[in-house]
Amino acid sequence: MNFLGPSTMFACMFFLLFPFSLVNSAKDTREDFLQCLHSQNSNSISSFINTSNNSSYSSLLQNYTQNLRVRATKTLEPLVIIKPKKAFHIQTTIICSKKHGVQIRIRSGGHDYEGLSYVSPLPFIVLDLIDLRNITVDLANKSAWVQAGASLGEVYYRIAEKTSTLAFPAGVGLTVGVGGHFSGGGEGMMMRKYGIAADNIIDAKIINVEGKILDRESMGEDLFWAIRGGGGNTFGVVVAWKINLVYVPPVVTVFNVTRTLEQNATNLVHRWQYLVDKFPEDLASRIFVRRVNSSQDGNTTIQAAFTSLFLGRVDRLLPIVQEQFPELGLTKKDCIEMSWINSTFYFAGIPNGASLDVLLKRDPQGRIFFKGKSDYVQEPIPKNALEKIWKRLYKMDAKMAELQFTILGGKMNEISEFSIPFPHRDGNLFQIHYALLWHEESIKEFNWHMKWIRELYDFMAPYVANHPRTAYVNYRDLDLGTNNIHGNSTYQEACIWGFKYFKVNNFNRLIQVKATVDPDNFFRNEQSIPYLDHYAG
């Protein structure tokens, strides 16, 4: 996640603010850190340590940097990239980082929206978990142990190797790393049936600030609660998750029906908002709204794509949609029956008939400049407000904008908002994800696009959840507020963003857990759970 234009300006600022003495100090810190690692590892450590002197360093840094916006606004690069191959490598990394005052940023896929897993304003190392990707499926107990560097595609593949009737309810981004996805909650296409990914985690192995490996029993229920949705890089390094597998039928049904404004899209989007309690939990539904060129006259219009997964055959699905949402005009020819594993291809945009081996690929996707935000909606948005949103999509700087509406309800309404840190449950109709992409690298393009998405976000305030206005922590948004990365934040500073991601009670509990397990605030980033003195002891 990077982008250039501002890079020249920021590079100049860097040398104004960071004289050569400090640059040399960073080099000294790196050498001290490396010597510490060598002393802790009797065998050669070259296999998992990458410095700027290694030919692999640049590719490791860039390949899993998904957002070009992020790295162009940062000046420091990691002193070292650690690719641990076993837990001991992580333990020694923590010990040496603490000893020499080096921050750790933890990366499992590189999809984080603000790049907090691979950028920092302070001297830091990247702990890249990509080589910790073993997955062991236990069909007898309908569970699996998944190492934190595995991708969602790898998880789905390893389950499908063994069975066609078990799966895991997580996201559609196949190259997303499970470490970040699970630690932030993990929304997906089956959450109306089974909840989110973190709802289905039954054990974990974490390396704490002291370098000890803990499982659920030894870490205790408070810490186990916190790591399932409390966000990454806060409590320790989770190296593996034990997940509960869920039943899926041998055949599922998918469809993607598109409608433009000329085809009644506004009324359809408005009507869709009232269907949360009417659709069965077997039916997931999303709407993707974007600007397109009309196939009729070539003029620009707004298109709404109604995309769904149904856990069952088309003959069961059609009567449901035709009764509850007849305005959509869904027909049998719009629907495709397939296995659940093939549906993961469908929602990832992979062509039908592709080999399952595609799920194992970790090749970086097309990188682009990107900014994302999120909201949860508790009352249907009026038609006139939807029309004002469409007008904003016609602006020049929104040509690659997209709004995603994801229906909630079902099982999500039945799980308490306090069961794990992820609180967005009963009372929410759907989530909105705002995404804006662009290609150009200039400061002007950056300013235009950031201004557009921030103005849209401000416009939406009357129509989304408030007191607090909520957001999904896996769609990190530093516009919501940040910690004082150089030291402890105040409660007032932290709660600005913390209440939005976790609500008040969950955020307060996360702070209490943090005070217990990491009282020196070693694991931290711009939006990690802060250590606050009055919560200690």
Kindly say whether [Y] contributes a backbone atom to a donor-acceptor pair with the side chain of [X] at under 3.5 angstrom?
| X | Y | answer |
| --- | --- | --- |
| Ser343 | Tyr346 | no |
| Ser355 | Val358 | no |
| Asp397 | Trp452 | no |
| Asn256 | Ser308 | no |
| Gln431 | Thr406 | no |
| His100 | Cys96 | no |
| Gln147 | Asn134 | yes |

Hey, can you tell me if [X] and [Y] have their rings parallel, tilted or perpendicular (30° and 60° cut-offs)?
| X | Y | value |
| --- | --- | --- |
| His89 | Phe48 | parallel |
| Trp272 | Phe405 | tilted |
| His433 | Tyr475 | tilted |

Measuring from [X]:[atom1] to [Y]:[atom2], what's the distance to the nearest 0.5 Å?
| X | Y | atom1 | atom2 | value |
| --- | --- | --- | --- | --- |
| Gln62 | Tyr57 | CD | OH | 9.5 Å |
| Ile94 | Phe522 | CD1 | CZ | 6.5 Å |
| Ile201 | Ile243 | CD1 | CD1 | 8.0 Å |
| Leu436 | Phe370 | CG | CZ | 8.5 Å |
| Ile90 | Leu129 | CD1 | CG | 5.5 Å |
| Asp112 | Arg105 | CG | CZ | 9.5 Å |

With distance as the sole criterion, is a donor-acceptor pair present between the side chains of [X] and [Y] under 3.5 Å?
| X | Y | value |
| --- | --- | --- |
| Ser120 | Gln103 | yes |
| Thr300 | Arg291 | no |
| Asn50 | Ser56 | yes |
| Gln91 | Thr93 | no |
| Arg228 | Ser183 | no |

Identify the heavy atoms of [X] and [Y] that sit nearest to each other, and give their distance.
| X | Y | value |
| --- | --- | --- |
| Met412 | Gly195 | SD-CA, 4.0 Å |
| Gly229 | Phe502 | O-CE2, 3.2 Å |
| Leu356 | Ile341 | CD2-CG1, 3.9 Å |
| Thr470 | Ala465 | OG1-CB, 3.6 Å |
| Asp479 | Lys373 | OD2-NZ, 2.8 Å |
| Val464 | Tyr434 | CG1-OH, 4.2 Å |

State plainly whether the residues [X] and [Y] are in salt-bridge range, i.e. N to O under 4.0 Å.
| X | Y | answer |
| --- | --- | --- |
| Lys83 | Asp128 | no |
| Lys391 | Glu387 | no |
| Glu187 | Arg192 | no |
| Glu526 | Arg476 | no |
| Asp477 | Lys371 | yes |
| Arg425 | Asp199 | yes |

Test ring pair (Phe, Tyr, Trp, His ring centres under 6.0 Å) applied to His424 and Tyr376, step by step: CA-CA 8 Å; His424 314 295; Tyr376 289 87; 4.0 Å; yes
Full working for side-chain contact (heavy atoms from CB on, under 4.5 Å) between Ile453 and Tyr457: CA-CA 6 Å; Ile453 196 169; Tyr457 185 77; 5.8 Å; no
Test side-chain contact (heavy atoms from CB on, under 4.5 Å) applied to Val289 and Glu402, step by step: CA-CA 6 Å; Val289 181; Glu402 179 182 84; over 6 Å; no
Test of ring centre spacing under 6.0 Å for Trp497 and Phe507: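 They qualify: ring centres under 6.0 Å apart.
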Ring centers of Phe168, Phe182 separated by less than 6.0 Å: yes
Criterion side-chain contact (heavy atoms from CB on, under 4.5 Å) on Leu223 and Phe235, from CA distance to verdict: CA-CA 8 Å; Leu223 180 53; Phe235 305 105; 3.7 Å; yes
cation_pi(Arg509, Trp225) dist<6.0 Å, angle<=45: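 Yes, Arg509 sits over the ring of Trp225.
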Lys205 NZ/CZ over Trp145 ring centroid, <6.0 Å and within 45° of normal: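 Because its charged atom sits under 6.0 Å from the ring centre and within 45° of the axis, Lys205 does stack over Trp145.
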Check against side-chain contact (heavy atoms from CB on, under 4.5 Å), Thr344 and Val172: CA-CA 6 Å; Thr344 67; Val172 299; over 6 Å; no
Verdict with reasoning, Tyr113 to Tyr472, per ring pair (Phe, Tyr, Trp, His ring centres under 6.0 Å): CA-CA 11 Å; Tyr113 278 28; Tyr472 179 30; 8.9 Å; no
Pro421 side chain reached by Leu510 side chain, heavy atoms, under 4.5 Å: yes
